[in-house]
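Here the structure comes first, spelled out in structure tokens, and everything after it is commentary.
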Amino acid sequence: MTATTAGPQPVDVVVIGAGQAGLSAAYHLAHRGVVPVARATAADRTFVVLDGEDAAGGAWRHRWQSLRMATVNGIFELPGYPVPPADPEASSSVVLPAYFSAYEQRHRLDVHRPVRVHAVRRGGDEPIDGAAARLIVETDAGAWSARYVINATGTWTKPYWPMYPGQETFLGEQLHVQSYTSAEAFAGRRVVIVGSGVSATQLLDEISAVTDTFWVTRREPIWEDGLSREKVVAALADVEERTRQGYPGSSIVRVTGMVRSQWVERAAARGALVRHPMFTRIEPDGVRMPDGTLEPADVILWATGFRPAVSHLAPLGLRTPHGGFRVANSRSLDEPRLFLIGYGASQSTIGANRAGRDAAIAIMADIG
Ligand code: FAD
């Protein structure tokens with residue numbers, strides 16, 4: 001069954017996105033007796049999962065090929081189904097979509113795709129099926145009228161690319177890690193890598209093995225030999241509090257510091273792990289440094305992260321002056337029918353799993 005243009009189709013829960021977070025939510029709803037709308041009888045509670053991708057896998061479908069199972073930052077399996085043993089050298093963009101696909105089939109989650117949601121708005125107070133005050137979910141394949149919306153749209157589709165003066169004058173190539181494919185493409189060219197997160201340091205290692213690199217970050221990285229449990233718990237609590245107050249979710253790395261991982265050590269051994277301050281402007285042949293020198297560049301690679309993909313939630317008017325949404329325990333504090341999972345402190349595979357479960361439990365507590 002699909003939504004039609006005749007009018008919004010009623011459903012109890014719409015889950016937007018079928019990455020780790022959305023599949024976890026769907027699993028926990030199904031586990032509690034909520035039924036995919038296409039297989040439901042009139043007596044059933046219902047859900048539908050809408051996903052913008054052509055196939056299973058969420059953002060993992062698009063990660064660069066060299067992000068192998070050995071170099072991902074630790075994958076937490078989907079609830080109730082272990083990741084099958086995989087060759088550590090295999091690409092995560094092959095192994096994980098296959099795992100997600102098997103998971104969807106095993107649990108009969110009936111994901112509707114490709115379906116892109118372009119707006120979620122309040123539907124007024126007129127009751128539909130006895131339930132008042134619905135949220136209307138508008139998609140490129142018709143509309144749904146939902147009692148609850150679980151937003152699980154991740155960040156991959158919203159790369160963050162800061163603006164610097166002179167950016168448009170650069171004669172070389174500029175790209176965000178979202179469209180990175182392999183280091184070999186840069187052979188023989190000098191690459192300026194911008195950013196201080198996991199992607200930046202992984203790609204610094206990879207690219208410096210084949211060509212000359214120059215690494216810049218806004219702040220001096222804080223290096224850690226390892227992360228204690230206390231430090232991770234404190235960092236998560238910090239991000240949770242900021243999310244509750246409506247600040248945009250910040251990366252955990254920013255709060256905890258960077259671990260000296262195998263790729264960091266390799267880049268250091270090669271002499272590539274030399275951090276420079278951020279350039280002040282971009283010029284046709286390179287980047288101008290704060291001391292006035294020009295660093296020649298053929299490529300600028302922006303490893304500057306991603307932002308939550310939430311523009312379809314704009315009609316709800318929930319964004320705070322700080323730029324985020326006020327969310328606690330995955331639930332919007334300003335629109336209790338909306339859950340945001342894989343958002344704020346739940347922006348990791350383990351966090352996404354938990355947030356999906358918490359959203360399903362909260363909805364079941366409401367609707368019984
Ligand atoms: P996604 O996997 O991005 O899924 C969101 C889904 O929603 C996608 O299918 C998307 O197409 C869909 N969607 C988006 N907008 C719409 C819309 N408007 N309508 C319909 N569908 C929509 N975390 C870890 O724990 N371990 C790691 O090793 C790790 N490695 C990472 C490596 C990189 C390069 C990056 C960027 C992140 C990494 N992360 C890692 C964090 C990772 O993003 C999360 O752990 C998790 O995979 C995100 O799951 P998600 O379900 O929130 O989002």
Side-chain angles (χ1 to χ4, degrees), residues 20 59-60 63-77 83 86 88-93 95-96 154-156 159-160 176-178 180 183 191-209 213-243 248-278 301-307 342-355:
Q20 183 104 14
W60 292 110
R63 307 278 201 241
W64 49 92
Q65 222 197 328
S66 56
L67 190 62
R68 293 170 292 114
M69 293 305 284
T71 47
V72 290
N73 207 18
I75 299 297
F76 199 78
E77 63 200 29
V83 184
E89 294 307 308
S91 173
S92 60
S93 65
V95 174
L96 293 170
T155 58
W156 185 257
Y160 174 62
H176 188 275
V177 294
Q178 193 209 32
Y180 173 83
V191 183
V192 171
I193 299 176
V194 186
S196 58
V198 176
S199 303
T201 51
Q202 274 189 348
L203 296 183
L204 177 66
D205 168 38
E206 210 169 292
I207 298 169
S208 64
T213 53
F214 185 80
W215 181 39
V216 297
T217 72
R218 276 197 304 155
R219 288 183 211 86
E220 186 75 57
I222 302 163
W223 296 107
E224 303 275 352
D225 288 331
L227 286 182
S228 65
R229 192 178 143 68
E230 292 71 40
K231 215 162 193 174
V232 174
V233 169
L236 283 172
D238 185 90
V239 177
E240 257 162 34
E241 183 50 35
R242 286 176 59 81
T243 310
S250 64
S251 103
I252 302 285
V253 167
R254 218 175 130 170
V255 195
T256 56
M258 283 284 289
V259 175
R260 284 196 76 98
S261 51
Q262 32 161 329
W263 56 84
V264 169
E265 294 298 355
R266 276 197 307 261
R270 202 177 289 126
L273 193 78
V274 181
R275 178 264 173 185
H276 299 274
M278 200 57 209
L301 176 61
W302 297 91
T304 39
F306 295 81
R307 298 288 182 264
Y343 179 87
S346 67
Q347 234 182 86
S348 67
T349 53
I350 186 167
N353 268 13
R354 287 189 184 142

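This chain uses plain numbering: 1 for the first residue, then up along the sequence.
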Q | Non-hydrogen side-chain atoms of Val232 and Arg229 separated by less than 4.5 Å | A | no

(Q) Nearest 0.5 Å, please: how far is CD1 in Ile222 from OG in Ser196? (A) 9.5 Å

Q: Dump the intermediate steps for side-chain contact (heavy atoms from CB on, under 4.5 Å) on Asp238 and Glu241, then the final yes or no.
A: CA-CA 5 Å; Asp238 185 90; Glu241 183 50 35; over 6 Å; no

Q) So, the side chain of Trp64 versus the backbone of Gln178: is there a donor-acceptor pair under 3.5 Å, distance only? A) no

Q | Taking every non-hydrogen atom, the tightest pair across Ser66 and Tyr180 | A | OG-CE2, 4.1 Å

Q: Considering non-hydrogen atoms only, spot the tightest contact between His176 and Leu301 and give its length.
A: C-CD1, 4.2 Å

Q | Where Val259 and Val264 come nearest, the two heavy atoms and their spacing | A | O-CG2, 4.0 Å

Q. To the nearest 0.5 Å, how far apart are CE in Met258 and OG1 in Thr201?
A. 3.5 Å

Q.
side-chain contact (heavy atoms from CB on, under 4.5 Å) for Trp60 and Val95? Distances and angles first, verdict last.
A. CA-CA 9 Å; Trp60 292 110; Val95 174; over 6 Å; no

Q | Nearest heavy atoms of Gly195 and Ala200, plus distance in Å | A | O-CB, 3.1 Å

Q) Hey, are Arg63 and Ser92 close enough side-chain-wise for a donor-acceptor pair under 3.5 Å? A) no

(Q) One pair to check against side-chain contact (heavy atoms from CB on, under 4.5 Å): Met278 and Val194. What are the steps and the verdict? (A) CA-CA 8 Å; Met278 200 57 209; Val194 186; 3.5 Å; yes

Q) Which value, rounded to the nearest 0.5 Å, describes the distance between Arg270 atom CZ and Glu265 atom CD? A) 12.0 Å

Q) Could you state the interatomic distance from CZ (Arg354) to OG (Ser348), rounded to the nearest 0.5 Å? A) 8.0 Å

Q: Could you verify whether a donor N or O on one side chain and an acceptor N or O on the other, from Ser261 and Trp263, lie under 3.5 Å apart?
A: yes

Q | Exercise: identify the closest heavy-atom pair between Gln262 and Ala70 | A | NE2-O, 3.8 Å

Q. Can you name the residues that form a salt bridge (Lys or Arg N to Asp or Glu O under 4.0 Å) with Arg68, not counting sequence neighbours?
A. Glu89

Q) Quick one: does Arg275's side chain have a donor or acceptor within less than 3.5 Å of a partner on Thr217's backbone? A) yes

Q) To the nearest 0.5 Å, what is the distance between CD1 (Ile193) and CD1 (Ile207)? A) 4.0 Å

Q.
A side-chain contact here means heavy atoms from C-beta on lying under 4.5 Å apart; do Arg260 and Leu273 qualify?
A. yes

**Q.** salt bridge (Lys or Arg N to Asp or Glu O under 4.0 Å) involving Arg266 - partner list, sequence neighbours excluded
**A.** Asp205

Q) Between atom CE of Met69 and atom CG of Leu96, what is the distance when rounded to the nearest 0.5 Å? A) 4.5 Å

Q) For Phe306 and Pro159, which heavy atoms make the closest approach, and how far apart are they? A) CD2-CA, 3.7 Å

Q: For Ser93 and Gln65, indicate whether the former's side chain and the latter's backbone hold a donor-acceptor pair under 3.5 Å.
A: no

